[in-house]
Amino acid sequence: MKNDTDFQIEYAAARRAYIEKEFRNLNEMQRKAVLATEGPLLILAGAGSGKTTVLINRIANLLRFGSASDSDWIPDNADETMLQALRENSLDALPFAQVQPVEPWRILAITFTNKAADELKFRLTQMLGEKAADIWACTFHSACVRMLRRNADILGYSDDFTIYDTSDCQSLLKRILKDFDLDDKIYPPRSVLSAISKAKDIPVSAEEYLQEARKFGDARRIRIGEIYQEYTRRMFAANAMDFDDLLLNAVRMLQQNEEILSFWQRRFRYIMIDEYQDTNHLQFLLASLLADKHHNICVVGDDDQSIYRFRGATIENILSFEERNRNCRTIRLEQNYRSTEHILSAANSVIRNNTERKGKELWTKAGAGDPIVNYTVSDENEEANTVASLLLADYSSGVPWRDHAVLYRMNAQSSQLEFALKRVGIPYQVFGSTRFFDRAEVKDVLSYLSVIVSPSDDLRLLRIINNPPRGIGEKSIETARAIAMEENCSLYDVISRADRYPSLSRPSLRMREFANMLRDLHQFASENPSDAVFDEVIKKTGYLDMLQNSNDEKDVSRAENVMELKSSILGYKKENEDPSLSGYLANIALYTDLDAFDRDSDCVVMMTMHSAKGLEFPSVYVVGMEEGIFPGTRAIGEQEEMEEERRLCYVAITRAKKHLCFFHARQRMLFGHTTANMPSRFLDEIPALDMIQKDIGSRNSRYSEYGSKYDQAPSYGYKGGSEKSFSHSYSGFRTDRPAGSPSFIRKPNSPVKSSDPLPELSLGGSVRHKTFGEGVVVKMTPMGNDCLLDIHFSGVGTKKLMLRAASRFLEKI
DNA sequence: CGCACCACAATTTTT
DNA sequence: TTGTGGTGCG
């Protein structure tokens, strides 16, 4: 009976039905995607269509049922009893529904951000428990690091290679330009770096690049080729890799070594890649290599959300996935679970103006919802004030701060908004300005730690050799560098035996003292945990002393930042079984500010539209909807650029769940110049039915001007501490721990400490606000441990303020 | 050698 | 307007 074809079909169908029941909470398309386990699969997932849910359930399906949902194969021992059990959905039918359940470590799930990876891991753990820990859910870059740490030696790197972040690369490049005596106006570091990055993406080596450039006789390209070559040489000498190198070297490693390739190919039976529209060519190569044995590669993406073309992402990867994988199945997820109809209609209408796309229409069962509001304001101050009052109004009707996001095109637009919110006491979090790990003092200390791990890291050694000052001057350093160049050894080697070089006789002693200190620290690091190394470093180098003995008040916050770094080291130690200093440093390099996004703290979120990708908020405020800003000047007249801007607009719109507001100003001051801009063309692309117009007019402009006088004073009225540290959020590592995060996650601009004295206000009492002047309290509405105040300021009008956070602007009179 | 002052330029940036 | 990098002086 058991080989009977009918039975086989029946059994497979019953098995599939059984599995389908497990995923009955998904919609049909989602379920299809979850159950299609074998072979290449392209999931075109519109914004808010539940793609993470699909990813997670797909993994769950693989772990639980293996390929059963997508296979005709039935076990030899399959019989009527088992079929019956499946049909009856009986509890012990599970084994009958399994075909080679997948071991967790055979799954590779690639995301683009650490945050997304953490989120994935967290949700997988929730669903699957402990075994989720063995799934490789990580970014391309961290996957590469993990693979390279095992075998980078075949490429000539040692396994404790360091990772250079963008600013490290920039300083390296600047050094090279200087040494080559090239003008950084003619060879701007950023664009040279991007040329190198593009070359690596193809990938083309420095030698090939040079050869090609020489063939065409292009002088500039030859120069860039030479820079590329030197850059590569120095990176290698420092045992360092930049972000592109991580990918490039992983690819090289797999291409060059059959054994390693086959190891990883066999290991990853299923590969999933999220945000596929943002992959570059190297990432495509890497994925292709890894998937070349099992061909079980599932990519999820949305061509309409590709907004990183400028960074080398190629939409081509997703557009041609079907051609490249002939037996590929494609599933479209178009039902949106996030937004209301008006918002989706706007999104669809805007993106329809793009030509290069697969074509997709989002729809929802959520209902029409509230129309979008398009505000016309007179200038950027009124814009900020309007946002602030809308936020306050919403908060006073019971909506938490965290439900709101303010999005803009450029980080430079955030400052006026910050002041407006600060003034009325709205807690907020700004993302994307100076990263914590980019701060000079943090980089300094990290450089010490890096050099201790790998002394051949010339770049970082240069950063600290005379910092704190130890009498090793520019001249001496140059001499030492020249010797290092000549002897083809590292700078460290030269200074540690400085007494051997007559030309270094004067700084010799100080150099050797410094080298000895590093050597001792290196020794210390091999026997002590990383936090102790940190302590030893700041003690022995006198770095913290330097900050603490300084008269500059900025150094107080610098010292705080340095100590914050220790928290992050401790955090790393706590979360890793085998914490090493080099592991910590690698982790840092791959860390971004967005990872610190803290949805637990009740704050309004401010970020660029780019950073907002992948997030959602009940209320979204998009400011600066003006020609020349969004779309930016550079995109106007450039078809491709414009389409990217439009995709960005699509991303911004689809962040909103319920409420969406646009703002455009009649005139705006940006970079010190006032310009009058037309409303953004994207606004015209939104159907009138979905959007109502509101003109704030110039009624309030007098008051905003009054306010603007103070808006320009950066640290106005702030007692002690650094302003910056309050308006930014940063933290150490976060594998998802929703609550109970260690203390180094700082709550930004959070309502003032409850210990701070609050002005004792009473209804009808008089106050003075540092911006608005004198006023009378006309209404007090207690909210949680705070209080919403309505204060009538003479000549300004009635303003709503939050007592706690606005108290530093307020005094009782 | 360190600090102060002035010119200059300034999308976006998952790693 | 803001931040940064280069130069010149004490």
Side-chain angles (χ1 to χ4, degrees), chain A residues 110-117 138-145 163-167 169-171 174 178 184-185 188-190 193-194 197 241-247 274-275 277-280 282-283 305-313 380 407-416 431-435 437-438 440 466-477 551-552 586-595 597 607-615 624 628-635 641 644-645 647-649 651-652 668-674 708 711-714:
Chain A
I110 303 269
T111 60
F112 263 78
T113 60
N114 300 310
K115 193 184 131 40
C138 54
T139 63
F140 266 110
H141 296 267
S142 54
C144 289
V145 172
I163 301 168
Y164 275 12
D165 68 20
T166 318
S167 64
C169 297
Q170 266 196 15
S171 24
K174 280 179 192 158
K178 226 179 214 163
D184 60 3
K185 297 252 160 44
R190 296 174 102 266
L193 227 37
S194 118
S197 177
M241 298 191 198
D242 64 21
F243 292 138
D244 296 314
D245 290 336
L246 292 175
L247 300 167
D274 196 8
E275 307 282 16
Q277 75 279 357
D278 289 328
T279 49
N280 61 27
L282 264 183
Q283 289 164 333
Q305 287 190 71
S306 160
I307 53 174
Y308 285 102
R309 214 184 43 129
F310 71 92
R311 272 181 94 251
E380 76 281 355
L407 307 182
Y408 35 80
R409 181 65 238 269
M410 297 173 284
N411 285 124
Q413 288 172 265
S414 72
S415 56
Q416 290 92 339
F431 293 92
S433 24
T434 321
R435 286 198 322 153
F437 292 108
D438 273 345
N466 198 32
N467 179 14
R470 48 178 70 86
I472 306 177
E474 196 64 35
K475 266 261 175 64
S476 321
I477 295 171
N551 297 322
D552 189 342
N587 224 330
I588 291 268
L590 300 176
Y591 176 91
T592 58
D593 242 15
L594 202 63
D595 301 333
F597 176 57
M607 54 172 74
T608 62
M609 302 179 203
H610 280 91
S611 324
K613 203 179 81 169
L615 304 175
I629 291 176
F630 186 46
T633 358
R634 252 153 276 225
E641 298 273 317
E644 175 129 330
E645 294 280 288
R647 290 194 290 271
L648 185 57
C649 184
V651 168
R668 173 182 303 272
M669 180 145 80
L670 199 59
F671 301 135
H673 291 285
T674 303
S708 71
D711 285 353
Q712 316 315 336

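Lettering of chains follows the sequences in order, A, B, ..., and the numbering in each one begins at 1. When reading the values below, keep in mind they use all heavy atoms of this one structure, side chains included, and skip hydrogens, waters and symmetry mates.
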Rounded to the nearest Å, what distance is computed from the CD atom of residue A/E641 to the P atom of nucleotide B/dT12? 14 Å
Between C/dG3 atom C1' and A/Q413 atom CD, what is the distance in whole Å? 17 Å
Between A/E380 and A/R668, is the salt bridge (charged side-chain N to carboxylate O under 4.0 Å, His left out) condition met? List the steps. CA-CA 5 Å; A/E380 76 281 355; A/R668 173 182 303 272; 5.5 Å; no
Is any side-chain N or O of A/T608 closer than 4.0 Å to OP1 or OP2 of B/dT11? no
Glycosidic class, syn or anti, of B/dT12 using a 90° window around 0: anti
Tell me whether A/F310 is stacked on the nucleobase of B/dT12, counting only the six-membered base ring and applying the 5.5 Å and 30° thresholds. yes
Using the side-chain heavy atoms of A/E645, tell me which of these nucleotides is nearest: B/dT13, B/dT11, B/dT14. B/dT11
Between the side chain of A/E645 and the main-chain N/O of A/A635, is any donor-acceptor distance below 3.5 Å? no
Between A/D244 and A/S197, do the side chains contain an N or O donor and an N or O acceptor separated by less than 3.5 Å? yes
Closest-nucleotide mapping onto DNA chain B: is A/E644 or A/E474 further toward the 5' terminus? I mean the 5' end. A/E474
Are OP1 or OP2 of B/dT13 and a side-chain N or O of A/N411 less than 4.0 angstrom apart? yes
Length of the line joining A/Y308:OH and B/dT12:C1', which is rounded to integer Å: 7 Å
Could you tell me the separation between the CD1 atom of A/I629 and the P atom of B/dT12, rounded to a whole number of Å? 12 Å
Output the single nucleotide from B/dT14, B/dA10, B/dT12 whose closest atom is nearest the side chain of A/K613. B/dT14
Hey, does the side chain of A/R647 reach the backbone of A/S306 with a donor-acceptor pair shorter than 3.5 angstrom? yes
Using a heavy-atom cut-off of under 4.0 Å over every strand shown, decide if A/Q277 touches base, sugar-phosphate, or nothing. nothing
Are A/H141 and A/F112 close enough that their ring centers fall under 6.0 Å? no
Sequence neighbours excluded, the answer for side-chain hydrogen bond (donor to acceptor under 3.5 Å, both in side chains) partners of A/T166 is none
Can you tell me, in whole Å, how much space there is between the P of C/dT4 and that of B/dT13? 16 Å
Once you round it to whole Å, what is the distance between C1' of B/dT12 and CG of A/D278? 12 Å
Just checking A/N466: base, sugar-phosphate only, or nothing, at a heavy-atom cut-off of under 4.0 Å? sugar-phosphate
For nucleotides 4-6 of chain C, give me every protein contact, N/O to N/O, under 3.5 Å, one pair per line with atom names.
residue: C/dG5; atom: OP1; partner: A/K174; partner atom: NZ; Å: 3.4

Is there a side-chain polar atom (N or O) of A/R311 under 4.0 Å from OP1 or OP2 of B/dT13? no
Side-chain donor or acceptor of A/N466 paired with backbone N/O of A/P469 under 3.5 Å: no
Return the value, rounded to whole Å, for the distance between atom NE2 of A/H673 and atom C1' of C/dT2. 12 Å
Rounded to whole Å, how long is the line connecting atom CZ of A/R634 with atom C1' of B/dT11? 6 Å
Given 3.5 Å as the limit, does a donor-acceptor pair link the side chain of A/D184 with the main chain of A/P189, or not? no
A/I472 CD1 to B/dG2 P, in whole Å, measures 11 Å
Would you indicate which nucleotide in B/dT14, B/dT12, B/dT13 comes nearest to any side-chain atom of A/R190? B/dT13
Where the side chain of A/P469 is concerned, which of B/dT11, B/dG2, B/dT13 is the nearest nucleotide? B/dG2
Along DNA chain B (nearest heavy atom to each residue), the more 5'-positioned of A/S476 and A/G632: A/S476
